[in-house]
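Below is one structure, written out as structure tokens; comments come after it.
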Protein chains: 2
Amino acid sequence: MSLSSYRSPFSEQTHDHSLCIIEALEIANKLCTQRGARLTPLRRQVLELIWQSHKSLGAYKILEKLQNTQGGRAAPPTVYRALDFLLKQGLIHRIASLNAFIGCLHPDSPHVGQFFICQTCGNTAELEAPHLHADLLQQAHQLGFKVEKSTIELMGVCPHCQSLVSL
Amino acid sequence: MSLSSYRSPFSEQTHDHSLCIIEALEIANKLCTQRGARLTPLRRQVLELIWQSHKSLGAYKILEKLQNTQGGRAAPPTVYRALDFLLKQGLIHRIASLNAFIGCLHPDSPHVGQFFICQTCGNTAELEAPHLHADLLQQAHQLGFKVEKSTIELMGVCPHCQSLVSL
DNA sequence: TATTGTATGTTATAATATACCTGTTAATAA
DNA sequence: TTATTAACAGGTATATTATAACATACAATA
């Protein structure tokens, strides 16, 4: 169970993003049901807002969007609580270098998020690179270090934006 | 030219940290001279504060320490400007997941910072793992992604703190 | 020493995040 | 059904991190 309709955030023109959103929400529903976690309307709405694109979204942008649909009633803690829940359930990741949040592509399997973030368009691809993580863990092992959480974020320029620059 | 007296931040008991500080400042001096960059007293002082330990230090902690020695005159931009300079010169790194700063172990060679950060004691080891970075770049290449900056931060428990827990 | 660019000082404010307290809702037990 | 409890959400204030904007001082060099 993971996001099959997802192709690449770096070819936004060529994938039907509404499918990403629908799938992400369906998976979220299923996982929360399985786990006895409550995907309340608010939490679901925040998840949906985050999934509007493959760009990461700041907490205050989310707040703004919430207020636009709710009549100005939400406050920062409302957003952060929903984000905390979604993070705990593995439904989103936090991008530390941007203080922003992004939907997780395979929330069902515990994993390490590795991100390629385009500085130009903001689109962000989550990678699965188990051998890379294995390398890191091996390095850690050599140091005697017990890894509990990893942050791997590569900033750069996506292929699409590179092609635009060269025009 | 790199920090030879440095052994491991995870064995703080067994290394003479004053040597780390002295070396770091010497190297900073040399590099700045070579490059025609001005390591002013303020910038030097900030670098020295950061090098007080192998733990990363937040901007406002630095500010506080500056004020203690300057008579309360420094303001946030003072610190951030010094930090910007030190970052540009590669003399320090920013730890994105902690919003904090740490001295660089080999500021003379451009490289990618990879950090092991102990959640218990705060000590942080910078790794050189070129093949790991090469892996990442290869992945990026496959995606057609041009990497410009990378953030690799592993949170966990250092060997020293693990041994304490097991007592 | 006049000029110019770099560095610093100063004030205000933006942007991100959390503490704390209060009320509401949902699930379960009596 | 109602009472009880725990999870959830609202709301206010405030902490923490970072930058904008403008003024002044200093240093290099022409």
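Letters go in sequence order (proteins before strands), and every chain restarts at 1.
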Compare every heavy atom of A:I50 with every heavy atom of A:I92, then report the nearest pair and how far apart it is.
-> CG2-CD1, 3.9 Å

Rounded interatomic separation in angstrom, taking CG from A:L57 and C1' from C:dA15 | 14 Å

Encode nucleotides 18-28 of chain C as B, S and - characters from 5' to 3', where the letter depends on protein heavy atoms closer than 4.0 Å: B to the base, S only to sugar-phosphate, - to neither.
-> BB------S--

Could you give the CD-to-P distance, from B:Q45 to C:dG9, as a whole number of Å?
-> 10 Å

Nearest-Å distance for atom pair CZ/P, residues A:R43 and D:dA7 = 11 Å

A:F85 has an atom CZ; how far is it from atom C1' of D:dA9, in whole Å?
-> 14 Å

Please state how far atom CD1 in A:I62 lies from atom C1' in C:dA15, giving the value in whole angstrom units.
-> 14 Å

Give me the ring orientation class for B:H54 and B:H15: parallel if the planes are under 30° apart, tilted from 30 to 60°, perpendicular past 60°.
-> tilted

Expressed in angstrom and rounded to an integer, what is the separation of A:L98 atom CG from C:dA15 atom P?
-> 15 Å

Nearest whole angstrom, please: distance from the P of C:dT8 to the CD of B:Q67.
-> 16 Å

Which atom names give the shortest non-hydrogen contact between B:C121 and B:K55, and what distance separates them?
-> O-NZ, 3.0 Å

Quick one: list whatever passes ring pair (Phe, Tyr, Trp, His ring centres under 6.0 Å) with A:F115, sequence neighbours left out.
-> A:H93

Length of the line joining A:E64:CD and C:dA15:P, which is rounded to integer Å = 10 Å

Is it true that atom CD of B:Q138 has more than 12 heavy atoms of other residues, nucleotides or ligands lying nearer than 6.0 Å?
-> no

Please check the phosphate of D:dA18 (OP1 and OP2 only) for any side-chain N or O of B:N99 closer than 4.0 Å.
-> yes

Going by atom types only, do A:Q114 and A:S150 share a side-chain donor-acceptor pair under 3.5 Å?
-> no

Contact under 4.0 Å: B:T78 side-chain N or O vs C:dT8 OP1/OP2 = no

